[in-house]
Every structure is written in structure tokens, then in C-alpha cells.
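One structure is given below, encoded as C-alpha cells.
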Amino acid sequence: MSVVFSGIKPSGELTLGNYLGAMAQFLTYQEEEAYFCIVNQHAITVPQEAAELRQQTRRLAALYLASGLDPEKVTIFIQSEVPAHAQLAWIMTTLSQMGELERMTQYKEKAGGLNESIPAGLLTYPPFMAADILLYQADVVPVGDDQQQHLELTRTLAQRFNYRFGETFKLPVAAVAKETTRVMSLQDPLKKMSKSAEDSGTILLLDSPAVITKKIKRAVTDSENKLSYDPESKPGVSNLMAIYASISGLSYAEIEQKYADIPGYGQFKLDLAELVVGLLEPIQRRYGEIMAGDELDDMLTIGAQRASRVANKNLHQAEYAMGLSRR
Ligand code: AQP
């Protein structure tokens, strides 16, 4: 049985990108030893309002359940409720070099233009993420494409630790979705669909069917009016096709064939909207029931206890190996 770890930040409303890039993959690992974390300590690398963060954390837990994760099979928990994460994060930070952290693409993107006021947490977030993963001796980490570089750093830090202090951590590998490892904005298909850029280019998991349809109808395409998959010269259309392929299970060739005799993108967009609504409606219904019920707190308490048992054992081993604990 493999060990699987992944997490999502409660830093805003979840997007279709989060779902197709990460959550949909989570569902395929329910027979493994899987840990799915709400990484609230990563959310605070940029300022968050306390009441809002608490709400978003709860909403994300409900969405984990609503998407189909079964807490009887997998461990769902909140990062800050397992202090071993922050403890190993400090160790991983001390093993990191400034140069390698400054080279991280996400850091450069998020820190760009902030000059003197760059929050230090943006820089030290990748070793924290490494700690999250290594704490469970994860074999597999299902993530979107934007996290692959951080996963490479995780492997580097694990290797560095093992080299200096003796074989302690497993080296995890990333698992990425086939078509939707990077879902792009519907308004700017050269930019990742992101929860912090809430605009009409972002489909939220809790958007109503009418809003989803409107956003897809308005998605940027091109003037060629012919459906074909070519991310270089047709980024907008190719992004829509990737979403279509991922939900329908059809290949790009089959989608092209299906619309070969239908000029323009209108019908394709309407069908895509129907697919997305069909995917999200049942999740939204379950989400409403879970938020109205009282199962979340118990589930999160049990999840934190289960995660702590494994995390504390592995943290202790690492601390012992490097001389931080007496026995
Ligand atoms: N557009 C995307 N396509 C595919 N996968 C995506 N992920 C995020 N956006 C896309 C994947 O979702 C998981 C959780 O992401 P996160 O919450 O840790 O933060 P992020 O990657 O930085 O995502 P956002 O939505 O862009 O958040 P903000 O705007 O708050 O920074 C990860 O596996 C991620 O790859």
C-alpha cells in the first residue's frame, strides 16, 4: 500500500482548477494510506482575515467530503492542529539555501513587485510544504503542475537530510492529472486559473449553473472558429478542450470529430457548460447538506489525532537523527 499526501490552501473559494488538477485525483487514492490536509498555515503566507480563514477552512473540509472523500478510509485534517508540521518545517528551512528558495517560480510570481514588503513566509513556504509531505513518508503526492517544482525541492531536502544524518525520509513522487494538470483562466488562457484571482476567468466549485454557463460562454477563444487542440496557437480553445476531455473521458481527437461539422464554438461551449454543471451539481448538493449538519468537527478531530500519531513518530525519528532529542 502506498502512502499518499496532499493538501489545499483555504485561501479562497476553490476553483475548477483545484478540483480537476488535485481533488479529482485524491478520489483515486482512497484504497491507499492517504492523508488530505487543509493547509491553513500555508494560507497565512499572505494576510488573511481571522473569521474568514476559519470559515474557509470549514468550507474546504466540507468540500473534501462533498467531492467524495470517505473519512472512514482516508485521513482528513487541519495542518495547524498537528504541530509536528511546523516543527519539521523549521528543520527543513534550516536545510534550505536562500538561492534555491529564491529561484522558485511561485515565489518569484507572488513576490514580484512587492519589493521591501515581501512576506518572508512566501520564501519559506516550499520547505514547509516539504515537511508536510516527508512527515508521513509519502510515496505519492497528487498535485497540479504548479507544485512540481516544490516537489522537486522536497526530494532535494529529503536527500540532503538523509545524506547528512542517515537514511530517514522516503523520496516522494508527484502524480499529475492527464489533461488538467494546469487549468488556465477562461479570460486569460496564458495564466493559471487561480482562487486568488476571482474574476470571470475562474469557475468556482460553488458557482451556480447560470454563472458557470455565463463564464464558459464568455471564455476567450479565437477567430478561427474550428475546434482543434493546439495549446501554442489556440490556448483558449485548447484549455476548454482539456476541461471537456477530463470530464467526459473523450480524447482530443474524439472531441474534434464530434464537432467537425458544427461551425463556431457556440455549441461546444454549451455542451461544456452542461458537463461542468453535471460534475459540480451533486458536489454542491452534498456540500449544502454537510455544512448544515454536524459531522465536520468530529471528523476533523479524529483526523488530527490519526495524523498526529504518524507525524509525531516520524518527527521524533528526524529529531533524534540530527541530535535534537536525547532519546
Ligand atoms: N489552475 C489549476 N490547474 C490545475 N491544478 C491546480 N491547482 C491549483 N490551481 C490549479 C492545484 O490545486 C492544489 C491546491 O492548490 P493550493 O490551494 O495549494 O494553491 P495554488 O496552487 O497556489 O492554487 P491557487 O488556486 O492558485 O491558490 P492561490 O491563488 O491562493 O495561490 C495544488 O495541487 C495545485 O497544484
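As the structure lists them, so they are numbered: ligands from 1, and atoms in each ligand from 1. Note that the numbering runs from 1 along the sequence shown for the chain.
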With His85 as partner, the option from Phe77, Tyr35, Phe128 fulfilling ring pair (Phe, Tyr, Trp, His ring centres under 6.0 Å) is Phe77

Assess whether a salt bridge exists between Glu31 and Lys73, defined as any Lys/Arg side-chain N lying under 4.0 Å from an Asp/Glu carboxylate O.
yes

Under 4.0 Å between a side-chain nitrogen and a carboxylate oxygen: does that hold for Asp297 and Arg58?
yes

Under 4.0 Å from one or more heavy atoms of Thr181, ligand 1 contributes atoms 3 (N), 4 (C), 5 (N)

Tell me: protein heavy atom nearest atom 20 (P) of ligand 1, and distance?
Lys192 NZ, 3.5 Å

Taking only heavy atoms of Gly21 into account, list the atoms of ligand 1 that are under 4.0 Å away from them.
4 (C), 5 (N)

Return the residue, atom name and 0.1 Å-rounded distance of the protein heavy atom closest to atom 15 (O) of ligand 1.
Asn18 ND2, 3.5 Å

Does an N or O anywhere in Met193 fall below 3.5 Å from an N or O of ligand 1?
yes

Which heavy atom of the protein is the closest neighbour of atom 3 (N) of ligand 1, given with residue, atom name and distance?
Val183 N, 2.8 Å

List the closest protein heavy-atom neighbour of atom 16 (P) of ligand 1: residue, atom name, distance to the nearest 0.1 Å.
Lys195 NZ, 3.6 Å

Got a second to check how far Gln87's CD is from Leu324's CG, nearest 0.5 Å?
10.0 Å

Please list the nearest protein heavy atom to atom 33 (O) of ligand 1 with its residue and the distance rounded to 0.1 Å.
Gly144 N, 3.1 Å

When you measure from the heavy atoms of Gln106 to every atom of ligand 1, does any distance fall below 4.0 Å?
yes

Would one find more than 12 heavy atoms of other residues, nucleotides or ligands at under 6.0 Å from atom CD of Glu274?
no

When you look at CD of Gln257, are more than 12 heavy atoms from neighbouring residues, nucleotides or ligands closer to it than 6.0 Å?
no

Of Gly17, Ser194, Pro10, the residue with the heavy atom nearest atom 5 (N) of ligand 1 is Gly17

Is Lys110 in contact with ligand 1, taking contact as a heavy-atom separation below 4.0 Å?
yes

Would you say OH of Tyr259 has more than 12 non-hydrogen atoms from neighbouring residues, nucleotides or ligands within 6.0 angstrom?
yes

With a cut-off of 6.0 Å (strictly less than), are more than 12 heavy atoms of other residues, nucleotides or ligands near CG of Asp70?
yes

Hey, does the side chain of Ser6 reach the backbone of Pro142 with a donor-acceptor pair shorter than 3.5 angstrom?
yes

How far is atom 29 (O) of ligand 1 from the closest protein heavy atom, and which atom is that?
Ser196 OG, 2.4 Å

So the atoms of ligand 1 within less than 4.0 Å of a heavy atom of Thr180 turn out to be 4 (C)

Between Glu100 and Arg160, is there a side-chain N and carboxylate O pair less than 4.0 Å apart?
yes

Distance under 4.0 Å to a non-hydrogen atom of Ala22: what atoms of ligand 1 satisfy this?
12 (O), 13 (C), 33 (O)

What are the atoms of ligand 1, with element, lying closer than 4.0 Å to any heavy atom of Ser11?
30 (O)

If the threshold is 4.0 Å, N to carboxylate O, is there a salt bridge linking Lys170 and Asp139?
yes

To which of Val46, Val143, Val141, Asp146 does the heavy atom nearest atom 34 (C) of ligand 1 belong?
Asp146

Looking only at protein heavy atoms, which one is nearest to atom 19 (O) of ligand 1, and what is the separation?
Lys9 CE, 3.2 Å

